[in-house]
Structure formats: C-alpha cells, structure tokens
A.B. asks: 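Shown below is the structure under consideration.
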2 protein chains.
Amino acid sequence: MDSKAYPRQPRGLALTRPKQATDLPCDHCIGRHLNLCQSLDEERLQQLLELGSIRHWQRHQILFRAGDLASSFFKIRKGLVSVFRTLDDGRRQIVAVRVPGDCVGYLDTDGHYAFGGDALTDVEACSFDRRRFDALAAENPDLAAALAAALSSALAQSGESMLVVGKLRSTERVAHFLGKMALLHRELYAKPGPFQLYMNRSEIADLLGLTIETVSRSMTKLKERAVIGLIESNEVIVLDHAKLREIGKIDDGGRTSAIG
Amino acid sequence: MDSKAYPRQPRGLALTRPKQATDLPCDHCIGRHLNLCQSLDEERLQQLLELGSIRHWQRHQILFRAGDLASSFFKIRKGLVSVFRTLDDGRRQIVAVRVPGDCVGYLDTDGHYAFGGDALTDVEACSFDRRRFDALAAENPDLAAALAAALSSALAQSGESMLVVGKLRSTERVAHFLGKMALLHRELYAKPGPFQLYMNRSEIADLLGLTIETVSRSMTKLKERAVIGLIESNEVIVLDHAKLREIGKIDDGGRTSAIG
DNA sequence: CGACGATTTGACTCCACTCAACTTCCGTGG
DNA sequence: CCACGGAAGTTGAGTGGAGTCAAATCGTCG
C-alpha cells in the first residue's frame, strides 16, 4: 500500500567520530558467547586459527552486504557492528547490535548474506572462511555446541527486540535501549559513570523502529524526568537505574545482557 | 512511561476451533529444518529416539511457560505453535510462529524457558529431554550441525520479523503475514486455493504488533482492493499474489518460507 | 430463540511521523 | 579573528495513522 519513497536523510560518513571507538575491550577480556578457542586440542586449535585472519574496519564501513556471497563470517574482537536489513524504498531496520565476542555474517539464505553488517565504531574482527569453518565444526562437537549456544543467545535477544519494537511506546523503547547500553557498558568496563552510545540518532531510530525526532524527544523527556543526563548528545549518564529499567521494561536480574 | 495496565480482551479458550487442525501434515512429509533423524547410525538413532516421547496438546493449551524450568524442548510434528513473551501489564508479543519440523522451547535463560509456547492448533510434538539431547549432540557433530542450521534459520526469520514490525505500516504488515501464510500453505499442501489462518485476530495482532481492530481494518482494505478474499473470517484466498507480496514487501524467490 | 464470543465498523483521541525552523558544533577559508 | 557552510541534533506546528472506546453484526452453541 502507498509505497511512497523514503527520502532518507543522507547517511554519509559522519565527521564527528566517537572519541575512543577502538577503545572497546576485546573479547578475550570478557569472554562472551561463542568462545571459539575453548576446549579444542592443540591440533584442532591450530586448524581453527589458520582459518581466521584479523581484519579492521573504520566506523561506517561495511563488513558485509545483504545479498553478497556469504563466503566468510566474522567474530568481533573490538567494536560494535550493526546488523540490518533495508527495503527498496529506503526504510531500514537494524536487527541487532553485536558486541565483542559475538559473531556476525553467519546468517545466509542460499549462500548469500541475509543481512547487511555495518561498523558502528572502528572494528577489529576475526574473519573465518565459512565453508572450512563448517567443515571443522562438523568434526568438532565442542565447536558446534559453541556455535549453537551463540545462535541461541542471539535468537533470545532477537525475541526480546521483537517485544520492544512491537509493544513498547517510543519513550519506553528509548529507555530500554539506554538501559541495555548501560548494562553493556558496565559489562565491558565494570564501572559506572557516563558512557558513549556509539550510535547517532539515525542509527538509534533505525534500531528502535522510530524516527530521529522521536528519539530526540524521548531522550529529552527522560532527561526532564531526571532519569538520565546528557553530557553530550552521544554521551549519557544514568541517574536513576531503577526508573530506567522500569520504563524500559527490562526484566531485572539482567541476565540477558546485549542490545540485540 | 505511563505504564497503564492493559485490560486485554479475555483470551480464554475459543469455542470456534479450526476445522482440521490436526490435519496439518507431519514433518516427515515435508522435511523442514532440523531433521533430527538424519545421518545417524543405528545406535545413535536408537539413542535419540529413546530420548523423545510423542505428546499431544489441544489448541490454546500451553506447551511451556516462560520462566519455568526448561527441562525439555519440542520438535513439532503436526500443528502450529506460537512463541511469545508477555509484559507485566498484559501486553503480549508473539515472537514467532513455528510449524511442523521446527523446534520450540529450546531457548533458555539460566535453565528456564525464555519464552512461552502456545498451541495455535491441535499439536503433536516430540518432547526431548534437554540435558540428554545436548549430551548426545556433543558427541554427534551431525546432530549439532542440524541444530545450528535450525537456529540459523529461526534467527534469519526473526530478523525479517523485526523489519516487518519495526518498519512496515499496518496494512503492509497484514499483507506480509498473509503472504507468508499462503507460502506456508503451498509448502504444506502443495496446492493453491483458500487456506486456514489458524490464528484469530487477537493472535495476529499480537504477532504483528497491532490491535485486533487495526488487523480487521487492514484485512477489509485488502479485500476491497481485491488482493484477497475472505471465505470466513479465518479462511482466506489470495486473489492477487503479486500485489500481496508487493504490499507485504516479501522478497520474491520466496526462499525464506516460514512465518516467524 | 437467546447468549456469548469473535469480528467488523464507526467516532474520536492521541501518539508518533512529517515538515520546517532553529541551534550547536565543527571545520574551512576569507 | 570572524564569517560561512554543512552535518547532527533539538524543538515546534500540524497531520495522519493507529489506538481506544463503543456499538453493531455475525456465527455458534446451548
């Protein structure tokens, strides 16, 4: 119905770059999900390491493009990656934000990437040949199990995101996002205080299924209610964690930790 | 913000029951996803079969409840299962609809089901002990690979759902849903013609992040435009497949087939 | 028939989108 | 040094689409 084109605000390279993008700790420090190196004997470990090569991307560079041949996937070591899908008319939905330790680019339809992958910050990732990895996994149950665990975790996160986008109001969504980012920050740095969002309003909007204006207004509301404080537009401090979690409907215990 | 309680229309047992709910073909007929019995030797196959026991549920019965101890998961043989999550105030989001061949109840946080599972139709499923299955998978790479494939597929579907719920307008969402259901119908029965939705307006609304009234209005619009026809409120015939896919933004080729 | 549940339809409201102006913040160059 | 331009973000006014509330219709079952 009424498929008018979305003239999308120009999504060119941002001049302002997050101050310490590459400062995000690497996965080995925090050991989240799919620890590919776990419990493999010497020989297998060697094989796995041979498959992977470390690569780097700058913010807003593309790791992989939806529809391209999915020859390899990536295990993030540093930085954040957005996984997204775009409609012909320009509407874009960020499906997940992946963090150090996560894998991206593993999903394919018919051998082609099912989603696109963008570097939200400067990114360092280990690139694995998909075919050879699968072959190795087929002979190493532990590796396969790790993969299944990672996929399970991602799927659970994805389900939570569905709830957020499908059922929460705009300010609730933004609160949810900020709450999850705060958790991520604590997990990565194990310290409270202000933190970077690493995403601009446009990216947050595409993640939450809102517009940049609505995101901005929601942030203002949360600021007015003294739930958060804004150091800069991209730097946030949570003033009332309980309230933020309540508004954002973040189940306490906070075991499911990523942003997805 | 303003978390007023949602008085939710009574979701009791529906008196009207889909005519041939148990008529949905079982997985062995169509071999979708995670074929657990594939490529196992005799001994392993025997072990696997010993883990599973076939169970039955009626429409609107609960397979598993979010938060309960996730002692076992289920491979659907007949029928449809909705996987959902509920907020304290009653808002509910159906995260995925699973079909014969799929597995449900595999996702857990800390050993407890991360989502709830409802029978959308009468359901026949094979129940597996989670712990013992994982142990078997740890020794059978093929099994683990099949599991990973199933999870990958589910994750890709989940991503597509995010796009639908996050970026499509109400009528587009309903069109998407109907298009996917039509595909499912063709896949299960390999024939065109009218088909059952197996879901009432309330369930469709909870799946698409809409209200029952909006779903109803969207269906009326599609009917008025001669894209679909309604035999009964629950029985649909697609009059213009191309148009339906166009409105619902269903990428052609239609390889990704499930509803999730 | 009468009651109830499911769905449809109507009237109205409100939240989020659209369009537009304005502010900030940079960086560049006169 | 300040002027200027561009990009990101904020704010405002107005619109529209989906939600809310309510009534009407339809179908089924007792």
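Every chain is numbered from 1 and lettered A, B, ... according to where its sequence line falls, protein lines coming before strand lines. Computation of the quantities below employed the complete heavy-atom set of this structure, encompassing side-chain atoms and omitting hydrogens, waters and symmetry-equivalent molecules.
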A.B. asks: Choosing from dA18(D), dA6(C), dT10(D), which nucleotide comes nearest the side chain of Asn200(B)?
C.D. replies: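 Nucleotide nearest to Asn200(B)'s side chain: dA6(C).
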A.B. asks: How many Å lie between CG on Leu168(A) and P on dG19(D), as a whole number?
C.D. replies: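 Rounded to the whole Å, the gap is 14 Å.
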A.B. asks: Please state whether the phosphate of dG19(D), meaning OP1 or OP2, lies under 4.0 angstrom from any side-chain nitrogen or oxygen of Thr211(B).
C.D. replies: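 So the side chain of Thr211(B) is within the cut-off, an N or O lying under 4.0 Å from OP1 or OP2 of dG19(D).
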A.B. asks: Just to verify, what does Ser233(A) make a side-chain hydrogen bond (donor to acceptor under 3.5 Å, both in side chains) with, not counting sequence neighbours?
C.D. replies: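 Ser233(A) satisfies side-chain hydrogen bond (donor to acceptor under 3.5 Å, both in side chains) with no other residue.
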A.B. asks: Would you kindly give the CZ-to-P distance between Arg201(A) and dA8(D), to the nearest whole Å?
C.D. replies: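 My rounded result for the distance is 12 Å.
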A.B. asks: Can you check nucleotides 11-13 of chain D for protein contacts, nitrogen or oxygen pairs under 3.5 Å, and list what you find?
C.D. replies:
residue: dT11(D); atom: OP2; partner: Thr220(A); partner atom: OG1; Å: 2.8
residue: dG12(D); atom: N7; partner: Arg217(A); partner atom: NH1; Å: 3.0
residue: dG12(D); atom: O6; partner: Arg217(A); partner atom: NH2; Å: 3.2

A.B. asks: Could you tell me the separation between the CD1 atom of Ile204(B) and the P atom of dT8(C), rounded to a whole number of Å?
C.D. replies: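 Rounding to the nearest Å, CD1 of Ile204(B) and P of dT8(C) are 9 Å apart.
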A.B. asks: I need the CD-C1' distance between Glu235(B) and dG27(D), as an integer number of Å.
C.D. replies: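 Atom CD in Glu235(B) sits about 15 Å away from atom C1' in dG27(D).
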A.B. asks: How many whole angstroms separate atom CG of Leu230(B) from atom P of dT8(C)?
C.D. replies: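 Distance check: Leu230(B) CG to dT8(C) P gives 7 Å.
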A.B. asks: Output the rounded distance in Å from NZ (Lys221(B)) to P (dG10(C)).
C.D. replies: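 Value for this atom pair: 13 Å.
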A.B. asks: Looking only at atom types and distance, does a side-chain atom of Lys249(B) sit under 3.5 Å from a main-chain N or O of Ile247(B), one as donor and one as acceptor?
C.D. replies: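 Between the backbone of Ile247(B) and the side chain of Lys249(B) there is a qualifying donor-acceptor contact (under 3.5 Å).
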A.B. asks: I'd like to know if the side chain of His241(A) pairs up with that of Glu246(A) as donor and acceptor (distance under 3.5 Å, no hydrogens or angles considered).
C.D. replies: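 There is no such pair (donor and acceptor under 3.5 Å, judged by atom type) between the side chains of His241(A) and Glu246(A).
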A.B. asks: The criterion is salt bridge (Lys or Arg N to Asp or Glu O under 4.0 Å); which residues satisfy it with Arg186(A), sequence neighbours excluded?
C.D. replies: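 Result, salt bridge (Lys or Arg N to Asp or Glu O under 4.0 Å) vs Arg186(A): none returned.
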A.B. asks: I'd like to know if Arg217(A) pairs up with Glu224(A) as an ion pair, taking the criterion as any Lys NZ or Arg NE/NH1/NH2 lying under 4.0 Å from an Asp or Glu carboxylate oxygen.
C.D. replies: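 Result for this pair is no, no salt bridge flagged.
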A.B. asks: From CD of Glu224(B) over to C1' of dT8(C), roughly how many Å is that when rounded to an integer?
C.D. replies: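 Value for this atom pair: 12 Å.
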A.B. asks: Have Thr214(A) and Thr211(A) got a donor and an acceptor in their side chains that come within less than 3.5 Å?
C.D. replies: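 Yes, a side-chain donor-acceptor pair sits under 3.5 Å.
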A.B. asks: Please report the distance, rounded to the nearest Å, between CE in Met199(B) and P in dT7(C).
C.D. replies: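 So the CE-P distance, Met199(B) to dT7(C), works out to 11 Å.
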